[in-house]
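Note sheet for the following structure.
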Amino acid sequence: MSSSSEGDTKKKGGESLRTDSGLPVRRLYRPEDAEVDPQRDLGEPGAFPFTRGVYPDMYRGRPWTMRQYAGFGTAEETNQRYHYLLERGQTGLSVAFDLPTQMGYDSDHPMAAGEVGRAGVAIDSLQDMRTLFHGIDLGKVSTSMTINSTAAILLALYIAVAEENGIPRKTLAGTIQNDILKEYIARGTYIYPVDPSLRLISDILAFCAQEVPRWNTISISGYHIREAGATAPQEVAFTFANGLEYVKRAVEAGIEVEEFAPRLSFFFAAHNDFFEEVAKFRAARRLWARLMRARYDASERACRLRFHTQTGGSTLTAQQPLNNVVRVTTQALSAVLGGTQSLHTNGYDEALTLPTEEAARIALRTQQILANESGAARTVDPLAGSYFVEALTNRIEEEARGYLTEIDERGGAAGAITYMQEEIHRAAYRFQKEVEGGERVVVGVNRFQEDEPPYRADETDYSGLEAVQSGKVGKLRQTRDGVRVEAALAALAEGARGTENLMPRILEAVKAMATLGEISDTLRGVWGTYSPIG
């Protein structure tokens, strides 16, 4: 920080003005505050270090992919919503799965009781996956699936459905999140211990590099880290620590960096501090490129950081929910000006219920207005050269590097899970204290409150839905070829005890009509489960 501007961080009364992440903000930014070398730090869009964007023309050629995250109870309901959104101009699908599906339990398992279909769609078998994508050409649409512990199974189900409809796996485009380290750190939907989970990820990377080359095999997620309470620099640092761990494990498994790294993708949150978020996206691109070049001498193609963005679910308020339309718009614009490759905008009512059709339509129209009416897509990296944005970009990269150094000293992400958890908890606690103390204004919550009529509650009959879905699973078990299922599961267990790539055996199991829970239980039987204690 230059001495000439040191006092500019103070406002009247002596306290500091700071970003949402706690970075000091000066009254005025001058050229000397940015400290940017045009060649080293900026370059051209589409060229290393990609600060200004990963493609030369960015949105001038075509806009970002517009996705709406959707999953509602049954595959039938969700399929209807997908058709609704595609008919209104959505350009990619994004699947939300219910908690039992994420945790590897069938809908009739005792552990699934009370959770079937509540947080997303219930997928138990190939039968459900067929229904989910009925009438949708998987050769023409890109599909993103937010799934981690059971990612290999859901990908196998997707491939099987496509091939049943005559669509070769080599033509499929989409993404599985497949980011298990983030689950240990921030979210909790893990199943197996760390090492076999990472082995499964390496298997997916290797399989897709050969068999599904257009598929993004992992979406390394800062989103859930941020939603858990992390700051913007922590989101970047902890996401990249996980990404570097995956790269290291893949290399150790004998996969060449140039073979899989170009298909890595990332997933970030867009929160309320507009300029900080724009700077975060720019800093993230530059930092990832520099890390991959320094550690693996990666090519430009393998250094390119491509990412999806979702507006901040934790920023939505149940009070005065229509205010969330403004929050989502601001966040979405920061992602666009920051150079995202795809974007999901939350429904204004998601703090209260699954998004209604009206809320989903407004969220999609928000993106379409930004793309077609705001002018934000007409030029590349329009905020470049802003002294404030460039200074913030530098500061976020610097802060993130500091966290990465600490994580490296602890042996990398797999050895620093507790450290990252503690840092997130501290940041979340600070944030909540500031809200409760009135230091951080949340409109409609701790300032500008109003008496409001009760919001219409979700009236879905989840008990009935669970009974129907459980009945489907029971009927499937009675009508399928049980001998073929048992043979496929036995082969999978044998493979899990060895070192071979498990994706072909998982694919055979789903085609034999083994359920997601049965496949997960087979792996649990060999690997055990992860316990955060001891």
Side-chain angles (χ1 to χ4, degrees), residues 63-99 101-102 107 116-147 150-151 153-167 171-177 214-216 219 267 308-311 313 341-350 353-368 371 458 460 465 468-469 472 516:
W64 59 92
T65 300
M66 299 179 191
R67 300 187 190 276
Q68 291 305 115
Y69 190 45
F72 300 90
T74 66
E76 290 87 350
E77 290 178 278
T78 306
N79 176 262
Q80 290 172 16
R81 177 61 62 89
Y82 289 160
H83 281 284
Y84 174 86
L85 291 168
L86 289 169
E87 288 163 5
R88 281 153 183 78
Q90 180 170 302
T91 54
L93 299 177
S94 186
V95 187
F97 298 98
D98 74 354
L99 193 56
T101 302
Q102 294 178 51
S107 295
V116 175
R118 286 185 179 270
V121 62
I123 298 294
D124 293 312
S125 69
L126 184 57
Q127 181 177 269
D128 290 326
M129 205 68 158
R130 290 168 179 158
T131 303
L132 183 65
F133 292 106
H134 179 71
I136 297 171
D137 187 345
L138 299 185
K140 294 182 178 178
V141 70
S142 168
T143 302
S144 174
M145 294 188 279
T146 302
I147 196 70
T150 55
I153 304 170
L154 271 301
L155 175 59
L157 289 166
Y158 192 86
I159 292 170
V161 167
E163 291 182 339
E164 286 181 346
N165 287 280
I167 302 165
T171 67
L172 296 176
T175 303
I176 45 172
Q177 193 164 98
R214 295 183 62 205
W215 197 266
N216 297 315
S219 177
F267 175 23
H308 169 71
T309 307
Q310 181 176 339
T311 57
Q341 276 59 72
S342 66
L343 178 61
H344 162 72
T345 36
N346 288 330
Y348 67 81
D349 55 1
E350 286 190 54
T353 183
L354 291 171
T356 58
E357 284 193 353
E358 178 192 57
R361 183 175 64 253
I362 290 172
L364 177 59
R365 294 290 183 249
T366 299
Q367 294 201 49
Q368 292 166 335
D458 181 2
T460 301
L465 185 155
V468 169
Q469 190 68 20
K472 288 181 186 176
L516 174 137

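Just so it is clear, the model here is predicted, and its values are computed rather than measured.
The two residues Asn346 and Gly313 make their nearest non-hydrogen contact at ND2-N, 3.4 Å. Residue Ala96 comes nearest to Ala119 through the heavy atom pair CB-O, 4.1 Å, listed as atom of the first residue, atom of the second, then distance. When every heavy atom of Thr345 is checked against every heavy atom of Ala363, the shortest pair comes out as OG1-O, 2.7 Å. The heavy-atom pair separating Ala162 from Leu172 by the smallest distance is CB-CD2, 3.6 Å. The minimum heavy-atom distance between Ala160 and Leu126, with the atom names listed, is CB-CD1, 3.7 Å. Shortest non-hydrogen contact noted between Leu132 and Ala75 is N-CB, 3.8 Å.
Counting only distance, with no hydrogens or angles, the side chain of Gln367 and the backbone of Leu343 share a donor-acceptor pair below 3.5 Å. Counting only distance, with no hydrogens or angles, the side chain of Ser144 and the backbone of Ser94 share no donor-acceptor pair below 3.5 Å. For His83 (side chain) and His134 (main-chain N/O), a donor-acceptor pair under 3.5 Å exists by modelled atom type. Counting only distance, with no hydrogens or angles, the side chain of Thr143 and the backbone of Leu138 share no donor-acceptor pair below 3.5 Å. Counting only distance, with no hydrogens or angles, the side chain of Arg214 and the backbone of Thr171 share a donor-acceptor pair below 3.5 Å. For the pair Asp349 (side chain) and Thr356 (backbone), a donor-acceptor distance under 3.5 Å is present. Looking at Gln102, its side chain does come within 3.5 Å of a backbone N or O of Phe97 through a donor-acceptor pair. One N or O on the side chain of Asp98 and one on the backbone of Gly117 form a donor-acceptor pair closer than 3.5 Å. Counting only distance, with no hydrogens or angles, the side chain of Arg88 and the backbone of Tyr84 share a donor-acceptor pair below 3.5 Å.
Contact check for Met66 versus Leu364: side-chain heavy atoms found under the 4.5 Å cut-off. The shortest side-chain heavy-atom distance between Thr150 and Leu516 falls under the 4.5 Å cut-off.
Partners of Gln80 according to the side chain to side chain donor-acceptor pair (under 3.5 Å) rule, which considers only residues two or more places apart in sequence or in another chain, do not exist here. Residues satisfying the ring pair (Phe, Tyr, Trp, His ring centres under 6.0 Å) criterion with Tyr158, sequence neighbours excluded, are Phe133, Trp215.
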request  = Output, in order, the C-alpha distance, side-chain angles, deciding distance and verdict of side-chain contact (heavy atoms from CB on, under 4.5 Å) for Thr101 and Leu154.
outcome  = CA-CA 9 Å; Thr101 302; Leu154 271 301; 4.2 Å; yes
inquiry  = For a side-chain contact (heavy atoms from CB on, under 4.5 Å) check, start with the C-alpha distance between Gln341 and Thr65, then their side-chain angles and the critical distance, and finish with the verdict.
reply    = CA-CA 6 Å; Gln341 276 59 72; Thr65 300; over 6 Å; no
task = Assess whether side-chain contact (heavy atoms from CB on, under 4.5 Å) is satisfied between Asn165 and Asp137, documenting all intermediate values.
result = CA-CA 9 Å; Asn165 287 280; Asp137 187 345; over 6 Å; no
key: Trace of the side-chain contact (heavy atoms from CB on, under 4.5 Å) decision for Ile136 with Asn79   = CA-CA 9 Å; Ile136 297 171; Asn79 176 262; 4.0 Å; yes
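In this structure, NE2 on His344 lies 11.5 Å from OG1 on Thr309, to the nearest 0.5 angstrom. Atom CG of Asp124 sits about 5.0 Å away from atom CD of Gln469, to the nearest 0.5 Å. Atom CD1 of Ile123 sits about 10.0 Å away from atom CE of Met145, to the nearest 0.5 Å. Distance CG/Leu465 to OG/Ser107: 8.0 Å, rounded to 0.5 Å.
Checking Ile176, Thr146, Ile147, Thr175 one by one against Ser219, the side-chain contact (heavy atoms from CB on, under 4.5 Å) holds for a single residue, Thr175.
For residues 358-368, no pair satisfies salt bridge (charged side-chain N to carboxylate O under 4.0 Å, His left out), with sequence neighbours left out.
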